[in-house]
Amino acid sequence: MERKILLLAGSAGGFSVILNILKSLERPIRIPVIVIVHRNPKYASSIEDTLSKALVQKIKTADDKEAIENGTIYFAPAGYHLLVEPDYSFSLDISEPVQYSRPSIDVTFESVAEIYKENCTAILFSGANQDGAQGLLMIKRYGGKTFVQDPATAEVPIMPEAAIQLDAQERILSIQEIKDYIKQLT
């Protein structure tokens with residue numbers, strides 16, 4: 001059986017767009033989704049609980065050694081890098097922040113690229129640093145599908161622009177095009 005996965009990642013200005021996209025899904029998604037957003041572990045967050053009540057999707061924080069299941073939207077926990085192991089389970093890591101961030105988008109993207117290869121789709125959204133650009137490039141090199149939010153629509157365009165400078169994206173998409181693409185996956 002071919003395993004597929006969708007990655008959605010961003011930072012400043014990206015989180016609200018990702019939430020908007022998730023809320024637009026009318027049917028449960030059939031593949032696993034990992035959401036990586038820069039969150040400060042010093043502040044309590046109930047994002048997953050709030051979304052679970054509002055959406056038809058199964059939503060949770062990824063746990064260490066948890067098997068990745070289809071139809072679930074996983075959020076990278078604050079304060080940890082989220083990795084995917086060869087047995088399609090998660091691993092949490094507390095090594096140094098990358099691009100001042102833990103979870104780092106690059107760390108997750110690179111880990112997923114090695115495991116899922118051409119069966120990975122990643123979308124990079126608005127953000128205030130270059131985290132995600134190198135990881136997106138690695139996904140592209142492994143044959144995965146890579147997209148960025150149109151920087152003209154990004155609240156903070158640094159993140160998608162960094163990926164574009166590396167030619168890490170297959171296409172630059174508007175928010176509506178991203179919604180339409182993800183709906184095809186459902």
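Side-chain contact between Ser11 and Val37 is absent, with no heavy-atom pair separated by less than 4.5 Å. Inter-residue side-chain proximity for Asp150 and Leu173 is flagged as unmet; no heavy-atom pair is nearer than 4.5 Å. The shortest side-chain heavy-atom distance between Ser89 and Ile68 does not fall under the 4.5 Å cut-off. Annotation: side chain of Ile94 is not in contact with side chain of His81 (no heavy-atom distance under 4.5 Å). By the 4.5 Å heavy-atom criterion applied to side chains, Thr121 and Ile139 are not counted as neighbours. For the pair Lys140/Glu170, no side-chain contact is recorded, criterion being any heavy-atom separation below 4.5 Å from C-beta on. Looking at Ile34 and Leu8, their side chains never come closer than 4.5 Å, going by heavy atoms from C-beta outward. With contacts defined as side-chain heavy-atom distances shorter than 4.5 Å, the pair Ile182/Ile123 qualifies.
Ring centroids of Tyr88 and Tyr116 are separated by less than 6.0 Å, placing the two rings close together.
Under the side chain to side chain contact (heavy atoms under 4.5 Å, CB included) test applied with Pro151, the options Ile172, Ile158, Val156 reduce to a single match, Ile172. Of the residues Asn70, Thr72, Leu7, the one that meets the side chain to side chain contact (heavy atoms under 4.5 Å, CB included) test with Pro32 is Asn70.
The two residues Leu124 and Ala163 make their nearest non-hydrogen contact at CD2-CB, 3.9 Å. Pairing each heavy atom of Gly79 with each of Pro103, the nearest pair is N-CD, 4.0 Å. Residues Leu136 and Phe109 come closest through the heavy atom pair N-CD2, 3.5 Å. For the residue pair Ile105 and Ala9, the shortest heavy atom distance occurs at CG2-CB, 3.5 Å. Taking both residues in full, the closest heavy atoms of Asp167 and Leu137 are given as O-CD1, 4.2 Å, listed atom of the first, atom of the second, then distance. Across all their heavy atoms, Val107 and Val98 have their closest contact at CG2-CG2, 3.8 Å.
Atom NZ of Lys179 is surrounded by more than 12 heavy atoms from other residues, nucleotides or ligands within 6.0 Å. More than 12 heavy atoms of other shown residues, nucleotides or ligands fall within 6.0 angstrom of atom CZ in Phe90.
Between Lys4 atom NZ and Asn119 atom CG the span is 6.0 Å, to the nearest 0.5 Å. With rounding to the nearest 0.5 Å, the separation of OG1 in Thr146 from CZ in Arg141 is 11.5 Å. Note that CD of Gln176 and CD1 of Ile178 are 10.0 Å apart. Values are rounded to the nearest 0.5 Å. Summarising the geometry, atom CG belonging to Asn20 is positioned 11.5 Å from atom CZ belonging to Phe15; distances are rounded to the nearest 0.5 Å.
In terms of modelled atom types and a separation under 3.5 Å, the side chain of Ser24 and the main chain of Leu22 share no donor-acceptor contact. Looking only at distances, a side-chain donor or acceptor of Gln149 sits under 3.5 Å from a matching main-chain atom of Thr153. Side-chain atoms of Tyr142 do not come within 3.5 Å of backbone N or O of Cys120 as any donor-acceptor pair.
A salt bridge does not link Arg102 with Asp93: every distance from a Lys NZ or Arg NE/NH1/NH2 to an Asp or Glu carboxylate oxygen is 4.0 Å or more. Between Glu66 and Lys60 there is a salt bridge, since at least one side-chain N of the basic residue sits less than 4.0 Å from a carboxylate O of the acidic one.
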message = What verdict does the side chain to side chain donor-acceptor pair (under 3.5 Å) test give for Gln184 and Asp180, after you've listed the backbone C-alpha separation in whole Å, the side-chain angles of each residue and the deciding distance to 0.1 Å?
response = CA-CA 6 Å; Gln184 290 175 0; Asp180 293 344; over 6 Å; no

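Looking only at atom types and distance, the side chain of Glu155 has no donor-acceptor partner in the side chain of Ser126 under 3.5 Å away.
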